[in-house]
Amino acid sequence: MLALARNCGKLRCSRALAYSTLPEMPPCDFKPEPYTGMGYDEARKIRKDNLHSSLVTYYRNPVYMTHGHMQWLFDSTGKRYLDLFAGIVTVSVGHCHPKVKAALDDQLTKLWHTTSIYMYPSIHEYAEKLVSKLPGDLKMVYFVNSGSEANDLAMLMARLHTGSFDVVSLRNAYHGMSPYTFGLTALGNWTYNMARGFGIQNTVNPDVFRGPWGGSHCRDSPVQTIRKCDCAAGQCHAKDMYIEQLKDLLRHSCPAKIAGFFAEPVQGVGGAVQFPKGFLKEAYEAVREKGGVCIADEVQTGFGRMGSHYWGFETHDVMPDIVTMAKGMGNGFPMAAVVTTPEIAKSMSGVLHFNTFGGNPMSSAVGSAVLDVLEEDKCQENCVDTGTYMLKELAKVRDEFQIVGDVRGKGLMIGLELVTDKETRNPLPADQVGDVWEDMKDMGVLVGKGGLYGTALRIKPPMCITKEDADFGVAILRKALQNHKEKNGL
């Protein structure tokens with residue numbers, strides 16, 4: 001129902017707005033009921049006293065959300081925000097989408113929970129529908145509840161199937177926070193001072209903006225880096241160098257046979273980092289030469305968010321052996337899955353393995369409805385149209401401001417990296433990044449942060465946003481950057 005989103009955004013913001021003028025938010029035809037529940041101060045006290053201290057909140061003064069509608073969020077005072085982060089890339093078709101809500105309401109009147117040791121309609125209907133979206137022999141699905149669980153299970157499958165133990169992932173990757181996946185995740189700011197990652201190796205990240213090699217033609221994106229490139233047509237020196245780093249790691253740090261290789265098609269938590277064209281294809285070849293299987297982590301990139309293809313791995317022209325997914329598959333409902341081939345699935349059949357809530361009647365009904373809405377609302381097509389438009393508009397912002405070092409992405413999987421200057425590409429200090437980020441929130445736009453230094457603004461909205469919303473988001477970013485420029489005398 002992109003019509004719902006468009007009804008909420010008919011007023012196009014002019015990019016010629018004066019910096020001193022606050023852009024007007026596109027209108028919305030939804031108005032939530034006044035909130036009368038627990039107050040803000042009481043909620044903050046309970047969070048401090050009773051919720052685990054590791055559960056950090058965004059912003060100096062955290063937002064207290066009470067309602068959501070499509071691409072919009074509303075706080076306890078009724079203030080409306082354009083959500084350009086989608087609950088960490090989780091709300092795919094829109095907050096409280098009416099068709100998804102109706103499917104859940106219907107299932108709630110029939111059957112809430114019985115585990116997969118019994119047969120019930122929704123899990124079978126959903127499994128058939130989900131695997132029909134995947135190519136080749138990827139036809140066996142195991143339902144779990146989160147991306148971390150899915151990657152845990154994928155690693156187990158790879159090790160059982162190959163009879164090998166070593167697994168390779170990329171530096172700057174995020175694949176979960178369970179004890180098993182700690183080693184796959186290779187970001188220092190997510191790493192505890194404890195033993196982790198036994199049997200896991202992390203190779204050099206093929207980041208063409210911040211890495212040692214990169215140029216102006218490397219990415220599959222409407223927007224390229226500002227780095228110079230002397231490569232001839234059809235050649236990519238950066239790709240070749242990063243592949244050599246992977247092969248060097250396989251030669252020196254791994255046994256004769258490995259279990260597998262994990263990669264996100266575009267790194268999510270790492271800051272929407274894209275690899276050089278052809279890298280993943282050659283990486284898969286090198287891993288398979290070592291006997292390993294290839295795992296595509298589609299937790300953030302799947303279900304059409306990349307626009308040109310339904311799955312992120314398809315944008316790299318590769319066929320993985322295992323695919324993990326979560327987040328957008330449930331539009332906010334806690335669900336995830338591992339999809340693999342019948343041959344690999346058999347590797348787990350020797351002993352009992354079970355997941356209490358995976359694929360339960362409610363989550364299966366929600367997941368099935370999400371697949372329907374993605375198609376009916378033409379969300380993938382909107383990711384191409386609105387995502388490409390927004391990327392090109394953000395590239396103009398990059399050219400206007402010295403602290404915007406890079407704009408990257410594909411579809412509605414977008415990153416914008418803040419730097420001290422374009423020449424050195426040094427990370428902008430955290431307090432200054434925070435000023436821009438906080439300013440955007442105060443003006444009604446929510447974006448995420450990511451990357452090793454927390455300098456990448458993550459723009460990954462519900463897939464129902466419109467070009468009017470994109471204009472507003474870009475105008476607010478431009479205003480926040482101008483505020484930063486004036487504050488710091490730049």
Side-chain angles (χ1 to χ4, degrees), residues 131 134-142 148-173 175-176 178-186 196-206 239-265 267 275-276 278-299 311-314 316-325 337-351 353:
V131 299
L134 287 135
D137 210 19
L138 293 166
K139 299 303 176 191
M140 302 295 288
V141 59
Y142 194 120
S148 291
E149 278 187 74
N151 286 326
D152 252 9
L153 183 58
M155 187 158 29
L156 176 63
M157 287 184 185
R159 285 170 167 167
L160 288 172
H161 178 69
T162 61
S164 299
F165 193 75
D166 280 50
V167 175
V168 176
S169 70
L170 299 170
R171 296 174 194 169
N172 201 58
H175 296 290
S178 66
Y180 209 22
T181 58
F182 265 143
L184 293 175
T185 293
R196 66 195 179 280
F198 179 64
I200 298 174
Q201 308 287 343
N202 310 122
T203 190
V204 173
N205 186 41
K239 181 262 296 178
D240 294 342
M241 296 304 294
Y242 289 120
I243 285 294
E244 182 53 39
Q245 289 294 310
L246 170 61
K247 290 180 176 179
D248 191 67
L249 180 137
L250 292 173
R251 282 193 296 266
H252 289 88
S253 302
C254 297
K257 185 179 179 182
I258 66 171
F261 170 70
F262 277 79
E264 307 156 88
Q267 291 181 330
F275 313 139
F279 170 82
L280 210 55
K281 194 176 186 70
E282 291 190 28
Y284 274 30
E285 292 170 359
V287 167
R288 285 173 172 147
E289 286 175 4
K290 295 282 284 187
V293 299
C294 298
I295 301 107
D297 182 339
E298 294 278 352
V299 169
W311 302 104
F313 66 79
E314 293 175 308
H316 295 272
D317 191 27
V318 297
M319 175 65 78
D321 304 292
I322 302 173
V323 180
T324 61
M325 59 194 73
V338 181
V339 181
T340 190
T341 66
E343 181 185 3
I344 293 175
K346 286 179 184 177
S347 305
M348 286 186 61
S349 59
V351 299
H353 196 280

>> I need the minimum non-hydrogen distance between Pro206 and Pro276, along with the two atoms involved.
In response: O-CD, 3.4 Å
> Looking at side-chain heavy atoms only, is the closest gap between Thr185 and Arg196 below 4.5 Å?
Replying inline: no
>> With heavy-atom distances below 4.5 Å as the criterion, would you say the side chains of Cys294 and Val318 are in contact?
In response: no
> Considering only heavy atoms from C-beta outward, does the side chain of Val293 approach that of Ile344 to under 4.5 Å?
Replying inline: yes
>> Using side-chain heavy atoms (C-beta onward) and a distance below 4.5 Å, is Phe275 in contact with Asn205?
In response: yes
> For atom NZ of Lys247, is the number of surrounding heavy atoms from other residues, nucleotides or ligands below 6.0 Å larger than 12?
Replying inline: no
> Where is the tightest heavy-atom contact between Gly183 and Ile200, given as atom of each residue plus distance?
Replying inline: O-CG2, 3.4 Å
> Do Lys139 side-chain atoms and Pro342 backbone N/O form a donor-acceptor pair below 3.5 Å?
Replying inline: no
> What are the two closest non-hydrogen atoms of Ser178 and Ser148, and how far apart are they?
Replying inline: N-OG, 4.2 Å
>> Checking side-chain contact (heavy atoms from CB on, under 4.5 Å) between Ile322 and each of Met157, His161, Met155, which is the one that passes?
In response: Met157
> Are the side chains of Ile258 and Gln201 in touch, meaning some heavy atoms are under 4.5 Å apart?
Replying inline: no
> What is the minimum heavy-atom distance between Tyr142 and Met348, and which atoms define it?
Replying inline: CE1-CE, 4.3 Å
> Do Glu298 and Pro265 have side chains that get closer than 4.5 Å, going by heavy atoms?
Replying inline: yes
>> If the condition is side chain to side chain contact (heavy atoms under 4.5 Å, CB included), which residues does Ala283 pass it with, not counting sequence neighbours?
In response: Ile243, Leu246, Phe261, Phe279
>> Using side-chain heavy atoms (C-beta onward) and a distance below 4.5 Å, is His175 in contact with Thr324?
In response: no
>> Does anything in residues 285-295 form a salt bridge (charged side-chain N to carboxylate O under 4.0 Å, His left out)? List the pairs, not counting sequence neighbours.
In response: Arg288-Asp321
> Taking atom OG1 of Thr181 and atom CZ of Phe262, what is their separation to the nearest 0.5 Å?
Replying inline: 9.0 Å
>> So Leu156 and His353, do their side chains get closer than 4.5 Å, heavy atoms only?
In response: yes
>> What verdict does the side-chain contact (heavy atoms from CB on, under 4.5 Å) test give for Glu149 and Val338, after you've listed the backbone C-alpha separation in whole Å, the side-chain angles of each residue and the deciding distance to 0.1 Å?
In response: CA-CA 9 Å; Glu149 278 187 74; Val338 181; over 6 Å; no
> Taking it one step at a time, do Tyr284 and His316 satisfy side-chain hydrogen bond (donor to acceptor under 3.5 Å, both in side chains)?
Replying inline: CA-CA 11 Å; Tyr284 274 30; His316 295 272; over 6 Å; no
> Going by the salt bridge (charged side-chain N to carboxylate O under 4.0 Å, His left out) test, which pairs reach into residues 250-261, not counting sequence neighbours?
Replying inline: Glu244-Arg251, Asp248-Arg251
> Is the backbone of Asp240 close enough, under 3.5 Å, to the side chain of Glu282 for a donor and an acceptor to pair up by distance?
Replying inline: no
>> Ignoring hydrogens, what is the shortest heavy-atom contact between Ala154 and Ile295? Give both atom names and the distance.
In response: CB-CG2, 4.1 Å
> Nearest heavy-atom pair of Ala263 and Leu170: which atoms, and what distance?
Replying inline: CB-CD1, 4.2 Å
